[in-house]
Student: 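Shown below is the structure under consideration.
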Amino acid sequence: MSVVLRQPTLQVPEPLRPLVDLAFNLRWSWEDATQELFRRIDPAGWESLGDPVRLLGALPASRLEALVADEEFVAKLREVHAGLEDYLSAPSWFQGRGGTMLRSVAYFSPEFGLTEGLPQYSGGLGVLAGDHLKAASGLGVPLVAVGLLYRSGYFRQRLEYHGWQREAYPSLDPEEMALRLVDGVRVDIELADVPVVAQVWKAEVGRVPLYLLDTDVPYNDEHARRVTDALYSGDVDHRIRQEIFLGMGGVRALEALGESPNVFHSNEGHAGFLALERLGRLIVGEGLSFDEAVERVRVGTVFTTHTPVAAGIDRFPRPLMERYFGRWTERCGIPFDTLMALGQAPGEGRDAAFNMAYMALRLSARANGVSMLHGQVSRSMFAPLWPGRSADEVPISSVTNGVHGRSWVSPEMHGLLQRYVSPKWAEADSWEGIDETPDEELWAVRAAGRQRLVSFVRRRLAATPGAGGSAISPDWVEGVMDPNALTIGFARRFAAYKRATLLMQHPERLKALLNTPDRPVQIIFSGKAHPADEQGKHMIRELVEFARDPQVRARMAFIEDFDIGVARMLYQGSDVWLNNPWRPLEACGTSGQKAALNAVLNCSILDGWWAEMYEPAVGWAIPSAEDVGDPTERNRRESQSLLDIVEHELIPLFYERDASGLPRRWLRRMKNALRLLGPRVNAHRMVREYVERMYEPALALERPVPAPGA
Ligand SMILES: *Cc1c(COP(=O)(O)O)cnc(C)c1O
């Protein structure tokens with residue numbers, strides 16, 4: 001069945017029709033020729049909007065007419081469009097795999113981070129999902145993705161003068177984004193006896209379709225329309241309503257769309273109700289017993305857990321479950337306690353809250369954490385579900401996250417990698433060629449990124465009076481940051497365990513380091529705290545207040561309203577990427593991988609991916625003081641260790657220059673990092689592992705993994 005899409009409101013003259021295809025396929029976001037084409041249409045508009053759909057929407061008719069008359073442009077357009085068609089149809093890695101049982105994968109995620117123009121993510125989990133789709137597209141893996149369309153996205157961050165975070169919830173217009181409404185498909189669900197419907201939008205991510213459910217339709221009452229209002233918003237009642245739509249609604253949407261995946265992959269537990277939907281169908285529709293249905297649902301179901309932090313896992317109280325699933329259990333003819341037990345650990349008691357991760361583990365054939373260390377932590381954490389087994393024997397493996405290279409490296413670095421590694425560097429298994437790069441060339445790439453970052457910081461500070469302070473004079477902002485100084489980046493969600501303020505446990509020492517004579521250090525921060533996270537908001541305020549000090553303000557900045565665009569600027573422009581979580585709470589951490597592909601050196605606690613990929617030749621490991629029981633003392637010590645590294649290793653090595661002004665030993669490390677980390681941190685490696693180690697084995701019935709105990 002082919003899906004009928006509503007025509008976009010965007011209208012262009014007939015000869016320019018291929019532009020619409022190019023704008024609505026997000027492949028443009030990682031493809032040079034397409035970006036070049038859009039830049040050519042309106043260079044200034046491209047710089048400010050950075051998004052083809054908005055660009056075309058804002059174009060005056062006279063410009064469109066001029067393009068039609070521009071033969072050279074039209075010829076180029078045809079060529080670029082043919083490139084897209086080739087990409088969409090060419091066989092790739094997956095097509096070369098004989099005898100696979102994999103028909104298609106349905107990939108469910110509560111958030112997707114694909115481009116700044118589609119703000120449907122809060123952080124690493126969503127961006128990872130976006131990178132998974134992009135890499136799956138490149139590898140030709142048959143995959144269809146499912147999520148929700150949040151009408152306000154996450155939130156936009158504004159800082160008050162003293163750095164207190166305020167949240168704004170803009171109303172996004174799907175018609176202005178790279179989304180098209182699917183005609184004639186609607187999803188009906190009863191939420192506590194109230195019928196609610198959703199419409200479905202489609203985004204194209206190369207060859208991978210992404211379907212987003214949206215309850216903001218006239219049929220629904222006000223309450224129902226708000227189900228998909230914003231990501232990670234509201235109370236527990238709101239969350240369960242969203243998750244029912246994501247999981248159960250998602251399965252119904254796939255059916256209505258004519259998709260018949262045989263693998264269901266739940267990216268984190270929020271989409272876990274997808275398994276209940278399938279369970280109910282087998283019991284009611286095919287007459288299977290509950291136990292038989294559980295066994296059937298597990299086949300082909302894959303669950304990836306992303307966090308050892310309790311707050312990251314949804315737990316729904318029993319009365320809430322009763323409200324939304326009481327009828328469901330009646331229809332299935334099973335006792336309500338049987339459903340609850342799916343989300344409870346043995347011995348917890350019948351009133352324990354329903355844990356989405358427990359259910360997901362019970363209803364999947366394969367489960368994994370997102371780094372080797374996180375796999376190990378997860379096996380211990382979930383061991384109570386398998387009574388009588390030691391943690392080692394808990395069937396949770398790991399697939400270390402990776403990142404979609406072309407989406408994150410600078411144009412200069414892309415060119416360099418093409419020249420010295422391989423024209424298809426993102427898929428190359430060996431990066432040995434990087435050692436041939438002349439130092440001058442690599443340093444020029446770094447300098448270009450740093451310069452761009454410094455200009456960006458100045459522009460943003462000048463434009464956002466909140467963080468910079470309205471008292472700031474423009475000439476002052478002009479002097480913020482130094483394009484030649486050692487630049488440290490730190491940007492991610494401001495969750496407490498990520499410890500954005502670790503550096504500031506010793507403020508005087510930090511201040512002195514920032515102002516080391518002739519060898520300055522500068523640090524750029526960015527990130528949002530969840531609206532309910534007071535601790536995270538306090539951390540932001542602490543940083544902003546500290547950066548206000550006249551002795552510090554030229555060397556430390558906080559960039560408001562973190563998003564993919566800010567992130568990219570930081571990954572491409574920093575010299576060092578800082579990551580100092582409370583070990584082992586960072587399941588993987590992918591920002592350091594994106595930095596690494598830009599030859600930015602990681603300085604990190606040995607947590608997540610860094611715990612398995614660190615070696616002295618590629619960066620620095622901040623010692624963690626896990627033996628210290630008192631958290632304040634532990635923070636103090638780890639902060640001290642971090643500042644020691646900055647003072648005794650980063651500063652001397654970065655400023656050690658030869659006669660030609662190059663930091664030869666620093667450059668050696670940059671090349672080491674590219675050579676040794678490049679092939680391992682990319683998402684193509686990750687998606688191949690998911691296919692070979694998770695998806696295909698989840699379909700093989702011969703060796704079912706033992707189910708958790710009841
Ligand atoms: C990669 C990425 C992250 C993840 O950062 P961590 O260090 O893994 O927490 C968060 N936000 C954005 C926008 C990203 O691109």
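Reckoned from all heavy atoms, side chains included, excluding hydrogens, waters and symmetry mates.
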Student: Once you measure the plane-to-plane angle for His132 and Tyr107, does it fall in the parallel (<30°), tilted (30-60°) or perpendicular (>60°) bin?
Tutor: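 Parallel: the ring planes of His132 and Tyr107 meet at under 30°.
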Student: Check whether any side-chain heavy atom of Met381 sits under 4.5 Å from a side-chain heavy atom of Ile396, and report yes or no.
Tutor: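 Sidechains of Ile396 and Met381: no contact.
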Student: Is it the case that more than 12 heavy atoms not belonging to Glu534 sit under 6.0 Å from its CD atom?
Tutor: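 Count over threshold, so yes.
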Student: Distance-only, no hydrogens or angles: does the Ser152 side chain make a donor-acceptor pair with backbone N or O of Pro170 under 3.5 Å?
Tutor: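 Yes, Ser152 side chain to Pro170 backbone: donor-acceptor pair under 3.5 Å.
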Student: Treating Gln242 as the side-chain partner and Val227 as the backbone partner, does any N or O pair qualify as donor plus acceptor under 3.5 Å?
Tutor: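 Here the side-chain-to-backbone pair exists.
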Student: Would you say the side chain of Lys594 lies within less than 4.5 Å of the side chain of Ser407, judging by non-hydrogen atoms?
Tutor: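 Answer no - side chains too far apart.
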Student: To the nearest 0.5 Å, how far apart are CG in Asp183 and CG in Leu5?
Tutor: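 The CG atom of Asp183 sits 8.0 Å away from the CG atom of Leu5.
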Student: Which pair of heavy atoms, one from Phe108 and one from Gly247, lies closest together, and at what distance?
Tutor: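 In this case the closest contact between Phe108 and Gly247 is CE2-O, 3.7 Å.
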Student: I need the single residue from Phe316, Phe245, Tyr232 that forms a ring-ring contact (aromatic ring centres under 6.0 Å, His included) with His270. Which is it?
Tutor: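 The ring-ring contact (aromatic ring centres under 6.0 Å, His included) with His270 is passed solely by Tyr232 among Phe316, Phe245, Tyr232.
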Student: Drop me the distance from His265's NE2 to Thr304's OG1, to the nearest 0.5 angstrom.
Tutor: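 If we round to the nearest 0.5 Å, His265:NE2 and Thr304:OG1 are 2.5 Å apart.
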Student: For Glu167, which of His530, Lys528, Lys537 qualifies under side chain to side chain donor-acceptor pair (under 3.5 Å)?
Tutor: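 The option that passes is Lys537.
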Student: For Leu585 versus Pro308, what's the shortest heavy-atom pair and its separation?
Tutor: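 Closest approach of Leu585 to Pro308: O-CD, 3.5 Å.
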Student: Does the side chain of Gln157 pick up a donor-acceptor pair with the side chain of Gln165 at under 3.5 Å?
Tutor: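 Yes, a side-chain donor-acceptor pair sits under 3.5 Å.
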Student: Looking only at non-hydrogen atoms, find the nearest pair between Ala275 and Leu363 and report the distance.
Tutor: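 Of all heavy-atom pairs spanning Ala275 and Leu363, the closest is CB-CD1, 3.5 Å.
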Student: Can you sort out the partners of Asp51 under salt bridge (charged side-chain N to carboxylate O under 4.0 Å, His left out), two or more places apart, ordered by chain and number?
Tutor: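 Partners of Asp51 under the salt bridge (charged side-chain N to carboxylate O under 4.0 Å, His left out) test: Arg54.
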Student: For the side chain of Arg156 and the backbone of Asp561, is there at least one donor-acceptor N/O pair under 3.5 Å apart?
Tutor: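 No, Arg156 side chain to Asp561 backbone: no donor-acceptor pair under 3.5 Å.
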Student: Between Pro110 and Tyr150, is there a side-chain heavy-atom distance shorter than 4.5 Å?
Tutor: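 The answer is yes; the side chains approach within 4.5 Å.
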Student: Taking the side chain from Ser378 and the backbone from His374, do they hold a donor-acceptor pair closer than 3.5 Å?
Tutor: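 Side chain of Ser378 to backbone of His374: a pair is present.
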Student: Would a 4.5 Å heavy-atom cut-off, applied to side chains only, mark Phe264 and Val146 as touching?
Tutor: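 Counting from C-beta outward, Phe264 and Val146 never come under 4.5 Å.
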Student: Indicate yes or no: at least one non-hydrogen side-chain atom of Ile313 is less than 4.5 angstrom from one of Asn355.
Tutor: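 When only atoms from C-beta onward are counted, Asn355 and Ile313 do touch, with a gap below 4.5 Å.
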Student: Drop me the distance from Trp28's CH2 to Asp21's CG, to the nearest 0.5 angstrom.
Tutor: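 Trp28 CH2 to Asp21 CG: 15.5 Å, rounded to 0.5 Å.
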Student: Mind running side-chain contact (heavy atoms from CB on, under 4.5 Å) on Leu88 and Glu204 for me, showing each step along the way?
Tutor: CA-CA 11 Å; Leu88 295 177; Glu204 281 160 8; over 6 Å; no
Student: Can you name the nearest heavy-atom pair linking Leu128 to Gly402, along with the distance?
Tutor: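 Looking at all heavy atoms of both residues, the shortest contact is CD1-O, 3.7 Å.
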Student: Nearest heavy-atom pair of Ala136 and Leu143: which atoms, and what distance?
Tutor: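 Scanning both residues completely, I find the closest heavy atoms to be CB-CD1, 4.1 Å.
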Student: Just checking, any donor-acceptor pair under 3.5 angstrom between side chains of Asn368 and Tyr690?
Tutor: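 A donor-acceptor contact under 3.5 Å links the two side chains.
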Student: Between Leu570 and Ser526, is any pair of side-chain heavy atoms under 4.5 Å apart?
Tutor: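 When only atoms from C-beta onward are counted, Ser526 and Leu570 do touch, with a gap below 4.5 Å.
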Student: Test side-chain contact (heavy atoms from CB on, under 4.5 Å) on Phe38 and Leu19; report intermediate values, then the result.
Tutor: CA-CA 9 Å; Phe38 284 111; Leu19 272 178; 3.8 Å; yes
Student: Where does the angle between the aromatic ring planes of Phe273 and Phe325 fall among parallel (under 30°), tilted (30 to 60°) and perpendicular (over 60°)?
Tutor: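 Answer is tilted, since the angle falls between 30° and 60°.
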Student: Mind jotting down which residue pairs meet the salt bridge (charged side-chain N to carboxylate O under 4.0 Å, His left out) criterion with at least one end in residues 129-143? Sequence neighbours excluded, please.
Tutor: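 Applying salt bridge (charged side-chain N to carboxylate O under 4.0 Å, His left out) to every pair that reaches into residues 129-143, excluding sequence neighbours, yields nothing.
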Student: Quick one: does any side-chain atom of Glu268 pair with a main-chain N or O of His306 as donor and acceptor, under 3.5 Å?
Tutor: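 Such a contact is found between Glu268 side chain and His306 backbone.
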Student: Heavy-atom distance under 4.5 Å between the side chains of Arg327 and Glu330, does that happen here?
Tutor: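 Contact flag for Arg327/Glu330 side chains = yes.
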Student: Below 4.0 angstrom, N of the basic side chain to O of the carboxylate: do Asp533 and Arg493 qualify?
Tutor: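 So Asp533 does not pair with Arg493 through a salt bridge.
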Student: Evaluate the ring planes of Trp30 and His404, with Trp represented by its six-membered ring, and classify them as parallel (under 30°), tilted (30 to 60°) or perpendicular (over 60°).
Tutor: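 Answer is perpendicular, since the angle exceeds 60°.
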Student: Output the distance between atom CG (Leu342) and atom CZ (Arg362), rounded to the nearest 0.5 Å.
Tutor: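 The CG atom of Leu342 sits 6.5 Å away from the CZ atom of Arg362.
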Student: Please list all pairs passing the salt bridge (charged side-chain N to carboxylate O under 4.0 Å, His left out) test where one or both residues lie in residues 102-130, with sequence neighbours left out.
Tutor: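 Matches after skipping sequence neighbours: Glu116-Arg568.
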Student: Measure from the side-chain N and O atoms of Arg180 to the backbone N and O of Pro8, and report whether any donor-acceptor pair falls under 3.5 Å.
Tutor: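 Between the backbone of Pro8 and the side chain of Arg180 there is no qualifying donor-acceptor contact (under 3.5 Å).
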Student: Tell me every residue that passes side chain to side chain donor-acceptor pair (under 3.5 Å) with Ser398, counting only those two or more places apart in sequence or in another chain.
Tutor: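 For Ser398, no residue satisfies side chain to side chain donor-acceptor pair (under 3.5 Å) once neighbours in sequence are set aside.
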Student: Does the Glu243 side chain pair with the main chain of Gly272, one donor and one acceptor, at a distance under 3.5 Å?
Tutor: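 A pair under 3.5 Å: no.
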Student: Apply the test side-chain contact (heavy atoms from CB on, under 4.5 Å) to residues Leu102 and Val263: give CA-CA distance (whole Å), side-chain angles for both, the deciding distance (0.1 Å), then the verdict.
Tutor: CA-CA 7 Å; Leu102 185 59; Val263 167; 3.5 Å; yes
Student: Can you find a heavy atom in the side chain of Arg318 that is under 4.5 Å from one in the side chain of Asp337?
Tutor: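 They are in contact (side-chain heavy atoms under 4.5 Å apart), so the answer is yes.
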Student: Does the pair Arg460/Glu560 count as a salt bridge with the N-to-O cut at 4.0 Å?
Tutor: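 Salt bridge: no.
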Student: Output the distance between atom OG1 (Thr115) and atom CD (Gln120), rounded to the nearest 0.5 Å.
Tutor: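 Here the interatomic distance stands at 10.0 Å.
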Student: What pair of heavy atoms forms the shortest contact from Tyr358 to Gly343, and how long is it?
Tutor: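 The pair with the smallest heavy-atom distance is CD1-O, 3.5 Å.
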Student: Would a distance-only check, ignoring hydrogens and angles, find a side-chain to backbone donor-acceptor pair under 3.5 Å from Arg6 to Val182?
Tutor: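 Between the backbone of Val182 and the side chain of Arg6 there is no qualifying donor-acceptor contact (under 3.5 Å).
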Student: Consider only side-chain N and O atoms of Tyr324 and Arg241, and report whether a donor and an acceptor are under 3.5 Å apart.
Tutor: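 Side-chain D/A pair, Tyr324 to Arg241: present.
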Student: Quick check against the 3.5 Å criterion: does Ser371 have a side-chain atom that pairs as donor or acceptor with the backbone of Ala587?
Tutor: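 Answer holds: yes.
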Student: Please check this pair: side chain of Thr215 against backbone of Ala224, looking for a donor-acceptor N/O pair closer than 3.5 Å.
Tutor: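 Flag set: sc Thr215 to bb Ala224 pair under 3.5 Å.
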Student: Could you list the donor-acceptor pairs under 3.5 angstrom formed by side chains in residues 280-292, with sequence neighbours left out?
Tutor:
residue	atom	partner	partner atom	Å
Arg281	NE	Glu277	OE2	2.9
Arg281	NH1	Glu255	OE1	3.2
Arg281	NH1	Glu255	OE2	3.0
Arg281	NH2	Glu255	OE1	3.2
Arg281	NH2	Glu277	OE2	3.1
Glu286	OE1	Arg296	NH2	3.1
Ser289	OG	Glu292	N	3.1
Ser289	OG	Glu292	OE1	3.4
Glu292	OE1	Ser289	N	2.8

Student: What's the spacing between Phe155 CZ and Leu231 CG if we round to 0.5 Å?
Tutor: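 That separation rounds to 10.0 Å.
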Student: Before giving the answer on side-chain contact (heavy atoms from CB on, under 4.5 Å), spell out for Tyr497 and Arg499 the whole-Å C-alpha distance, their side-chain angles and the decisive distance to 0.1 Å.
Tutor: CA-CA 5 Å; Tyr497 77 88; Arg499 299 192 296 186; 5.9 Å; no
Student: Name all residues meeting the ring-ring contact (aromatic ring centres under 6.0 Å, His included) criterion together with Phe112; count only those two or more places apart in sequence or in a different chain, and write none if there are none.
Tutor: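 Per chain and number, Phe112 pairs via ring-ring contact (aromatic ring centres under 6.0 Å, His included) with no residue.
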